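Structure, as structure tokens:
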Amino acid sequence: MRIDSNFTIAEPLHVGAGTSTATETPSPIPGYFADPTIAVVDGRYLVFATTDGSPDWGSTAFRAFTSHDLLTWEDHGVAFDVRDSAWAAGHAWAPAYAHANGLHYLYFTADRGSIGMAVAEAAAGPYVDTGRPLVAEGDFAGVAIDPAIFTDDDGASYLYWGNSVAHGVRLGADMVSFDPAQVVSWVPRDFREAAWVHRRGDSYYLSWSVDDTRSEDYQVHYATGSGPLGPWRYRGVLLCKDAGRGILATGHHAIARVAGTDDWVVAYHRFAIPGGNGYHRELRFDRLHHRPDGLLEQVVPTAEPLCLPVPAVAHGAPE
């Protein structure tokens, strides 16, 4: 492992939050869920998330949801239960998804501090565990939670994870192996967890969650870089609460481009409305806008659920 100290600090750019007093509608995916991952696969949005609603985030399984427009969702049931693995007992958190080699890969946190991976022939599962953790507790600095996957334009995939320290590494073609000596680690400004990387054109974006998911100030910041492992330049807040509208704890996000378009979606969780907290969270989807100067517009949470159909050009083209 090597620590990359080349993380440049720039003055944060802030955009004022919306002042709408419209009634906030619930998530289009009913129930308590958090830590979403989102992708566009075979002409539909695919989402996995942490199952919420129990103290200490005690879920053991992930469910798969698909939609053609982010508004009407189909629940495909349990895609993977960590108790079916050879090594994990519970605490199924923060899934991440990838498609490669004609297969579907689900990365996940289990047992509070290890990261595993399961494989399926269909995007919605069922998934079968590989039999061991990719990153075990204590392998690297910080806590091994919150995996994310980024696949670059050249087909190379990168795994990111971490709480208190962010780690990234290029995966082998099998989507599971990596050289521990090639792991790069950062501590972005105010970093807590949930590092995510996406690319648009020649620009790479690293975004992450700040504060604690039980805090109403849980939010997302971001940086820009010249490659999937940095170096990174801090750019400021990407997504935060709107207390005047009762929208709190907007964090642990994922970003997807709609194939064949320049439309981008950010999925995240917030305290459920009404009466939510750090154990009762709901999913939300909003547009992500890239500015002409290469920076990101701050996401203003919308009052109504986002409706963004996948166009026909995207059908049959896994993201």
Side-chain angles (χ1 to χ4, degrees), residues 18 25-30 33 35-49 63-77 79 95-106 120-125 148-158 196-205 207 220 222 228 238-239 250 253-269 282-319:
T25 55
S27 170
I29 299 181
F33 296 97
D35 310 332
T37 189
I38 184 169
V40 179
V41 181
D42 295 331
R44 294 175 68 84
Y45 296 99
L46 171 69
V47 164
F48 298 92
R63 301 217 311 262
F65 302 90
T66 60
S67 173
H68 73 282
D69 61 1
L70 294 173
L71 195 59
T72 302
W73 290 87
E74 180 179 357
D75 183 349
H76 295 271
Y97 168 86
H99 179 272
N101 308 320
L103 296 171
H104 303 270
Y105 300 89
L106 187 67
E121 294 185 355
I149 295 290
F150 164 68
T151 300
D152 209 345
D153 292 351
D154 62 0
S157 292
Y158 296 79
W196 183 274
V197 170
H198 78 278
R199 177 181 179 177
R200 180 177 183 267
D202 293 330
S203 297
Y204 294 79
Y205 301 85
S207 41
V220 177
Y222 85 102
L238 179 60
L239 171 65
T250 51
H253 67 302
I255 294 167
R257 179 181 63 85
V258 181
T261 77
D262 196 30
D263 291 324
W264 294 79
V265 176
V266 56
Y268 59 96
H269 71 239
E282 64 183 10
L283 303 186
R284 204 68 177 187
F285 307 93
D286 278 306
R287 285 182 179 266
L288 180 73
H289 296 286
H290 298 78
R291 293 173 15 179
D293 61 5
L295 301 183
L296 300 176
E297 291 186 11
Q298 184 169 322
V299 177
V300 178
T302 53
E304 297 293 330
L306 174 64
C307 181
L308 182 62
V310 177
V313 69
H315 288 193
E319 177 99 337

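Worth saying up front: this structure is predicted, and the values here are computed from it rather than measured. Positions are given from 1, in the same order as the sequence printed here.
In this structure, a donor-acceptor pair under 3.5 Å is absent between the side chains of S67 and T72. At a cut-off of 3.5 Å, with distance as the only test, a side-chain donor of H104 or Y97 sits close to an acceptor on the other residue.
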Fill in: Worked verdict on H290 versus W264 for ring pair (Phe, Tyr, Trp, His ring centres under 6.0 Å)
CA-CA 9 Å; H290 298 78; W264 294 79; 4.9 Å; yes
Practice prompt. Check the pair V40, V310 against side chain to side chain contact (heavy atoms under 4.5 Å, CB included), reporting the backbone distance first and the verdict last.
Written response: CA-CA 8 Å; V40 179; V310 177; 4.2 Å; yes
Item to complete: For ring pair (Phe, Tyr, Trp, His ring centres under 6.0 Å), just list the numbers for H198 and Y204, CA-CA rounded to whole Å, side-chain angles, deciding distance to a tenth of an Å, and then say yes or no.
Response: CA-CA 6 Å; H198 78 278; Y204 294 79; 9.4 Å; no
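Residues meeting the side chain to side chain contact (heavy atoms under 4.5 Å, CB included) test with H76, sequence neighbours left out: A64, T66, E74, A124. Evaluation of the side chain to side chain contact (heavy atoms under 4.5 Å, CB included) rule for P30 yields no partner, not counting sequence neighbours. For A156, the side chain to side chain contact (heavy atoms under 4.5 Å, CB included) criterion is met by D154, Y158, R170, not counting sequence neighbours. With sequence neighbours excluded, the residues satisfying side chain to side chain contact (heavy atoms under 4.5 Å, CB included) with D202 are R199. For D286, the side chain to side chain donor-acceptor pair (under 3.5 Å) test picks out Y268, T302, with sequence neighbours left out. The ring-ring contact (aromatic ring centres under 6.0 Å, His included) search around H68 returns none, not counting sequence neighbours.
With hydrogens and angles disregarded, a donor-acceptor distance shorter than 3.5 Å links the side chain of R284 to the backbone of P26. With hydrogens and angles disregarded, a donor-acceptor distance shorter than 3.5 Å links the side chain of H269 to the backbone of D35.
Nearest heavy atom pair, residue T261 against residue D263, reads OG1-N, 3.0 Å. Between F48 and A79 the shortest heavy-atom distance is CE2-CB, 3.8 Å.
In this structure, I38 and L46 have side chains that are not in contact, with every pair of non-hydrogen atoms separated by 4.5 Å or more. Looking only at side-chain heavy atoms (C-beta outward), T25 and P305 come within less than 4.5 Å of each other. S157 is not listed as a side-chain neighbour of Y105, based on a closest heavy-atom distance of 4.5 Å or more.
A salt bridge links D262 with R200: the distance from a Lys NZ or Arg NE/NH1/NH2 to an Asp or Glu carboxylate oxygen falls below 4.0 Å. A salt bridge is absent between D42 and R44: the closest approach of a Lys/Arg side-chain nitrogen to an acidic carboxylate oxygen does not fall below 4.0 angstrom.
A distance of 5.5 Å separates CG in L308 from CG in L70, rounded to the nearest 0.5 Å.
Ring geometry for Y45 against W73 counts as tilted: the plane angle lies between 30° and 60°, on a 0 to 90° scale.
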